[in-house]
Every structure is written in structure tokens, then in C-alpha cells.
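Because the structure is a prediction, the values reported are computed rather than measured.
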Amino acid sequence: MTISSTTLLPLFFPAILIMSLLLSPPAGAQNSNHFSEYIGAQFKDVKFSDVPINSGVDFHFILSFAIDYTTTTSPPSPTNGDFSVFWDSANLSPADVTAIKKAHPNVKVAVSLGGATVAGDTVYFSPSSADSWLSNAVSSLTSIIQEYHLDGIDIDYENFQADSATFSDCIGRLITTLKSNNVISFASIAPYDDSELKEHYDTLWANYGSAIDYVNYQFYGYSSDTTVSEFLNYYDAQRSNYAGGVVLASFISDGSTGLSPANGFFDACRKLKEEGKLAGIFAWSADTSKSHGGFQYETEAQNLLASKVVVV
């Protein structure tokens, strides 16, 4: 029997369709072009303009840190939500924020709250009461955010002198109040693998997850001998833990901990992107990169995020 081209089309079309579905990222894919970098915490004279910025990514700088601790007493003491600037403001000033956003329309700038230490002393989340902390935090952060022309906040408390319910109440209400006042347009959290910290951030997520735009999970908090397959398992576990959230992959730019760029971080990210799971990447930090040979990993990360998924 002679088979015409019109007969062949319906025979081959289902096979072509099936192959296309098999090779494409799954439905509900979460790939994005989002890249964030923390900056200013280590006072290495790094400037926004030092960092390469790919026009094809959604780029966030995160100033580190604003703290509700004294900076002139020894030891430092908590100020119950009265935040002050504790980053390298000499090189990262309000004028510098305005300039980098004008030069690169794809850039936004946030401020991270808390951190781990002040002058070598541990920083705690330590409110006198939820209501008084919130009132002070809204007032002081609104002033800082407006002075520096910022767009968002990041939550990076790592030590606690308050229970998880109080942490959730204070931080959740802070985020929602600043958003409802049109002071910020986005918020992120920066947890890592620690049982006490997990309890606090899990409670916050359960109560206010819908108000949190990014989960900047510190995957570099894992061991320096982490393999690609272990990293992928960690990533899937956190996507499950922060279900519905935008969980970013992350690296520390000196490669000292976690899955380093030199040992397969970008291989893992390419695998996630092929699977439609790469919600973005963040780096700690621009200061570290400047003092450890430059910004090649920031460039590679952004190139990966900006590229299309290639199916072979």
C-alpha cells in the first residue's frame, strides 16, 4: 500500500508530541532569572559598581546589615527594634544606591536584618515585647529604607532570646506592615540547617509564608564535602519544607563551605534548571568575592540564569 504524506502525519505526530513533553521542563516549572548578592558586611571597600550585572537577570543587592543593637557600647546590647545601619555605608551610600539603580534598571536593593555578630559578639533576636519591638522596627526601618531608596528587606536573625511564636509575630507583622504602607515591595528570609533556627523560621513560614517572596536558604551552611547529589537532595528537601515558596540555590564565593562552584555547584544548578526547579541563585558575598580573586562566579551564575534551557 502506498502511504501518502498526509497519512504519515497522524502516525508520527503523537510520537513527536510525547518526545517533546519528555524533554521539556515539567508543568509548574519554577525556573527564573533571579540573582541576589549580599554586600557590605565585611567592610572590604566593595562598591555596587564592582559587581558584574547581567541585563538579562532580575538582580537584587542585599545590604548587610541593619541591626537593632548598639554599636558604641561594649558589649553591644539590644535596642528592641530600633535599627541602625551596620554596613559599609561609606562605599554603599544612598547616592550609590540611586546611581546603581539608574545605571541598571533591572537592579533592586534590599537590606538584611540581624546577622550573626556585632564586633565579635553574638546578635540575638531579643524583643522586650512584640508590640514595642514592632513599633520601633517599623519606624526605624521606614526611615532607613526611605533614606537609602531601598526596595525590600531580608530576615537573617540566627540566634534567639525569644520563642518561635514571638519571632513569627514580630517578623510577620513587620513584613506585612511595611508592605501595606508601601515602604517595601518584597521580603526574603535566610534560614539554614539548625534545629532552633528551623523551629523559628518554620513557625514564621506557617503563619506568614504568603508574605515572603524569597527563601534565601544558606546551602553553604552544609559541609564543604557536599556532593552534587547531596546538594540536589538538600534543595528538594527545602523546596518541600517551604512549600510554595521561591527557594534560591546559594554558594559562598570563597568556596569554603557547602557545594562550591569549583566542585559542582553550577552542575547542580544546570540539573535543576533542566528539571524546571531553579528558582534563582544568591551569593554570599560581594565582599568575599572582591577579596578572593574577583567576581567570576557571579558572572557564571548570571549567565546560567539568563540562558535558555537547551534540550539535546
Side-chain angles (χ1 to χ4, degrees), residues 36-46 60-92 109-128 133 136-137 140-141 144-145 148 150 152-164 166-168 170-171 174 187-201 204 215-224 248 250-258 260 282-292:
S36 293
E37 176 133 51
Y38 289 81
I39 187 169
Q42 296 161 293
F43 292 80
K44 299 293 185 180
D45 297 324
V46 66
H60 288 186
F61 282 109
I62 305 176
L63 293 164
S64 310
F65 294 90
I67 59 170
D68 56 332
Y69 259 70
T70 59
T71 58
T72 58
T73 62
S74 183
S77 58
T79 59
N80 192 38
D82 186 10
F83 282 86
S84 59
V85 169
F86 197 65
W87 67 78
D88 185 4
S89 57
N91 290 292
L92 303 166
V109 184
V111 57
S112 188
L113 312 183
T117 62
V118 174
D121 290 295
T122 300
V123 170
Y124 293 93
F125 178 74
S126 183
S128 298
W133 185 94
N136 291 336
S140 59
L141 286 171
I144 292 170
I145 290 165
Y148 277 82
L150 305 181
I153 62 170
D154 174 67
I155 308 301
D156 189 33
Y157 282 102
E158 301 185 3
N159 307 285
F160 306 93
Q161 290 179 334
D163 61 24
S164 60
T166 302
F167 178 71
S168 170
C170 289
I171 299 300
L174 174 64
S188 58
I189 58 174
Y192 60 89
D193 186 27
D194 173 85
S195 57
E196 181 185 21
L197 184 144
K198 175 176 166 55
E199 178 186 356
H200 283 71
Y201 281 89
L204 172 62
V215 179
N216 295 349
Y217 197 84
Q218 299 181 48
F219 289 101
Y220 48 84
Y222 292 106
S223 168
S224 59
L248 307 187
S250 60
F251 65 91
I252 185 169
S253 50
D254 66 2
S256 58
T257 55
S260 71
F282 81 86
W284 176 272
S285 65
D287 306 56
T288 302
S289 293
K290 181 167 183 176
S291 60
H292 286 81

Open item on the list: My understanding is that only residues two or more places apart in sequence, or in another chain, count here; which of them pass side-chain contact (heavy atoms from CB on, under 4.5 Å) with N136?
Closed with: N80
Task: Qualifying residues under side-chain hydrogen bond (donor to acceptor under 3.5 Å, both in side chains), relative to T79, sequence neighbours excluded - done: none
Task: Residue pair S260 / F251, side-chain heavy-atom distance below 4.5 Å - done: no
TODO: Please examine the side chains of I153 and I145, heavy atoms only from C-beta on, and report whether any two atoms are closer than 4.5 Å.
DONE: yes
Task: Euclidean distance, T122 OG1 relative to N159 CG, rounded to 0.5 Å - done: 5.5 Å
Listed pairs under 3.5 Å, donor-acceptor, residues 66-77 side chains, sequence neighbours left out:
from, atom 1, to, atom 2, distance (Å)
D68, OD1, Y157, OH, 2.7
D68, OD2, G81, N, 3.3
D68, OD2, W133, NE1, 2.9
D68, OD2, Y157, OH, 3.4
Y69, OH, Y124, N, 3.2
T70, OG1, T73, OG1, 2.6
T70, OG1, S77, N, 2.8
T73, OG1, P75, O, 3.2

Open item on the list: On a heavy-atom basis, which atom in D163 and which in H200 lie closest, and how many Å separate them?
Closed with: C-NE2, 3.5 Å
- [ ] Could you pull out the closest heavy-atom pair between L150 and L63, with the gap in Å?
- [x] CD2-CD1, 3.8 Å
TODO: Give me the one residue out of I39, V109, D45 that meets side-chain contact (heavy atoms from CB on, under 4.5 Å) with L92.
DONE: I39
- [ ] Return the set of residues passing side-chain hydrogen bond (donor to acceptor under 3.5 Å, both in side chains) with D193 (not counting sequence neighbours), or none when no residue passes.
- [x] none
TODO: Could I get the full list of ring pair (Phe, Tyr, Trp, His ring centres under 6.0 Å) partners for F86, not counting sequence neighbours?
DONE: none
Open item on the list: Could you report the tightest heavy-atom contact between G40 and V46, atom names first, then the distance?
Closed with: N-CG1, 4.4 Å
TODO: Go through the structure and list residues passing side-chain contact (heavy atoms from CB on, under 4.5 Å) with A41, not counting sequence neighbours.
DONE: S64, F65, W284
Task: pair V111-F83: side-chain heavy atoms closer than 4.5 Å - done: no
Open item on the list: Testing S285, S289, S291 one by one against D287 for a side-chain contact (heavy atoms from CB on, under 4.5 Å), which residue passes?
Closed with: S285
- [ ] For ring-ring contact (aromatic ring centres under 6.0 Å, His included), just list the numbers for F167 and Y201, CA-CA rounded to whole Å, side-chain angles, deciding distance to a tenth of an Å, and then say yes or no.
- [x] CA-CA 8 Å; F167 178 71; Y201 281 89; 5.2 Å; yes
TODO: Return the minimal non-hydrogen interatomic distance between F219 and L248, and the atom names on each side.
DONE: CE1-O, 3.2 Å
Task: Heavy-atom side-chain contact between Y148 and S89 under 4.5 Å - done: yes
Open item on the list: Quick check: closest heavy atoms across E158 and Q218, and the distance to 0.1 Å?
Closed with: OE2-NE2, 3.5 Å
Open item on the list: Can you confirm whether L174 sits close enough to L113 that some side-chain heavy atom of one is under 4.5 Å from a side-chain heavy atom of the other?
Closed with: yes
Open item on the list: For N216 versus Y38, what's the shortest heavy-atom pair and its separation?
Closed with: ND2-OH, 3.2 Å
